[in-house]
Protein chains: 2
Amino acid sequence: MARKSSAVDPLRLDNQICFAVYSAAHAFNRVYKPLLDRLGLTYPQYLVMLVLWEHDDVPVKEIGEKLFLDSGTLTPLLKRLEAAHLVKRTRSREDERQVLIALTAQGHALKEKARSVPQSILAASDCSVSELVTMKDEIVALRDRLNAVIGE
Amino acid sequence: MARKSSAVDPLRLDNQICFAVYSAAHAFNRVYKPLLDRLGLTYPQYLVMLVLWEHDDVPVKEIGEKLFLDSGTLTPLLKRLEAAHLVKRTRSREDERQVLIALTAQGHALKEKARSVPQSILAASDCSVSELVTMKDEIVALRDRLNAVIGE
DNA sequence: GCACATTCAATTGCGAACAATTAAATGTGA
DNA sequence: TCACATTTAATTGTTCGCAATTGAATGTGC
């Protein structure tokens, strides 16, 4: 039998969608870095701020569900955001197990400085908005199917 | 002026391709985890092994170029692979600055156990091969455009 | 009311990921 | 040859990401 063609070898790096996603995520991170440095945020911190700019005063768990992150990641990250005076962490009075995350005035204000970020990313991706939307929807659909398998 | 529709608000989490990629990468990682646990590898270690299974006895830099990782990430990772008896690290005699990474017999043998991994991932993605190939190519093209911007 | 399980955040430990620096080896130009 | 830049890994310090555990608060079934 002939040796398997490298074009279809499933163990070839080039053939793995997962590596494509993994390396694209790192590439995005490197593009975001200089933009977010100006805001004093890391990319995961920026994601948390995006969540809070949409809906403030929420428990840690809700942030985690939206970003697919757990308390082991979020607790120290939120403490750093608190140290930067962007959020306030307070125990809920209705349910003392929960910690509610609220934006400070500074945290709200940062949203204005963040408005220019998406368009810089769009420019870097060198791609039409409609193409990006299509890709985004496909990737989200794939992600959700993967997460469904994990939940079993 | 009417309030901007949330469907096109560029600061909305749901509208960001970058978050789609970021969260998909984590979802992939979670699917890989139980499969790779059986091999005793983490996902980045698995990527390094994929590179080595394709081409052995290469300097650290070459691995880094293929995976878009630097020595700060690879040096400790490779030391862990060496501690697991999967690779050997030796200074090149032609150029003493380089460290060459070679597979051990165990490292070579592990490739056989890894063959079942891609098909498990394919099953989890619940998607046709041709769809995945198309998506992969699009994501790689996007990644390469992003990396081109970084290189400027 | 009380034992029990569940929920939620925090903690600990380990493995990435990367910036910045260090140090050694190599290459280059005068 | 010798000063100088370049290349390559290694190191250090900070931040993610997650598994596993802890501990407090809450809910439940009897």
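Here is how names work: the chains are called A, B, and so on, in the same order as the sequence lines, proteins then strands, and each is numbered from 1.
- If you measure from atom NZ of B:Lys61 to atom P of D:dT8, you get 5 Å, rounded to the nearest angstrom.
- Put simply, B:Gln45 has a side-chain N or O that comes within less than 4.0 Å of OP1 or OP2 on C:dA16.
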- Would you check, one step at a time, whether the test side chain to side chain contact (heavy atoms under 4.5 Å, CB included) holds for B:Leu47 with B:Tyr43? CA-CA 6 Å; B:Leu47 290 180; B:Tyr43 182 68; 3.4 Å; yes
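- Contact annotation: A:Tyr22 side-chain N/O to C:dA17 OP1/OP2 distance is under 4.0 Å.
- At a threshold of 4.0 angstrom between heavy atoms, the contacts of A:Asn29 with the nucleic acid are absent.
- Counting any heavy atom pair closer than 4.0 Å across all strands shown, B:Pro76 reaches no nucleic acid atom.
- The nearest whole Å value for the distance from the CG atom in A:Asp70 to the C1' atom in C:dC8 is 12 Å.
- In this structure, B:Arg91 does not reach the D:dT8 phosphate: none of its side-chain N or O atoms is under 4.0 Å from OP1 or OP2.
- Ring-plane geometry between B:Phe19 and A:Phe68 is classed as parallel, the angle between the planes falling under 30 degrees on a 0 to 90 degree scale with a further cut at 60.
- Looking at B:Arg89 and B:Glu82, a side-chain N of the basic residue comes within less than 4.0 Å of a carboxylate O on the acidic one, giving a salt bridge.
- Side-chain to base pairing of A:Ser71 with C:dA10: one donor and one acceptor N or O lie within less than 3.5 Å of each other.
- Put simply, CG on A:Leu77 is 15 Å from C1' on C:dA9, counting in whole angstrom units.
- The CG-P distance, from B:Asp95 to D:dT6, rounds to 17 Å in whole Å.
- Across all strands shown, B:Glu94 has heavy atoms under 4.0 Å from sugar-phosphate atoms exclusively, and none from any base.
- Separating the CG atom of B:Leu36 from the P atom of C:dG15 is a distance of 15 Å, rounded to the nearest angstrom.
- Where A:Lys33 and A:Glu65 meet DNA chain C, the nucleotide closest to each residue was compared, and A:Glu65 sits on the side nearer the 5' end.
- Mapping A:Arg97 and B:Thr73 onto DNA chain D by nearest heavy atom places B:Thr73 closer to the 5' end of the strand.
- Using a 4.0 Å cut-off between a side-chain N of Lys or Arg and a carboxylate O of Asp or Glu, B:Glu112 and B:Arg115 qualify as a salt bridge.
- Side chain of A:Arg80, nearest nucleotide from C:dA9, D:dT15, D:dT11: D:dT15.
- Residue-to-nucleotide proximity on DNA chain D shows that, of A:Glu96 and A:Tyr43, the 5′-proximal contact is made by A:Tyr43.
- Using a 4.0 Å heavy-atom criterion, one finds that A:Leu74 contacts no nucleic acid atom at all.
- Nearest nucleotide to the A:Pro44 side chain, out of D:dT8, C:dC18, D:dG17: D:dG17.
- With a 6.0 Å radius and a threshold of 12 heavy atoms from other residues, nucleotides or ligands, B:Lys88 has its NZ atom at or below the threshold.
- Residue A:Leu69 is in sugar-phosphate contact alone, with no base atom involved, counting any heavy-atom pair closer than 4.0 Å across all strands shown.
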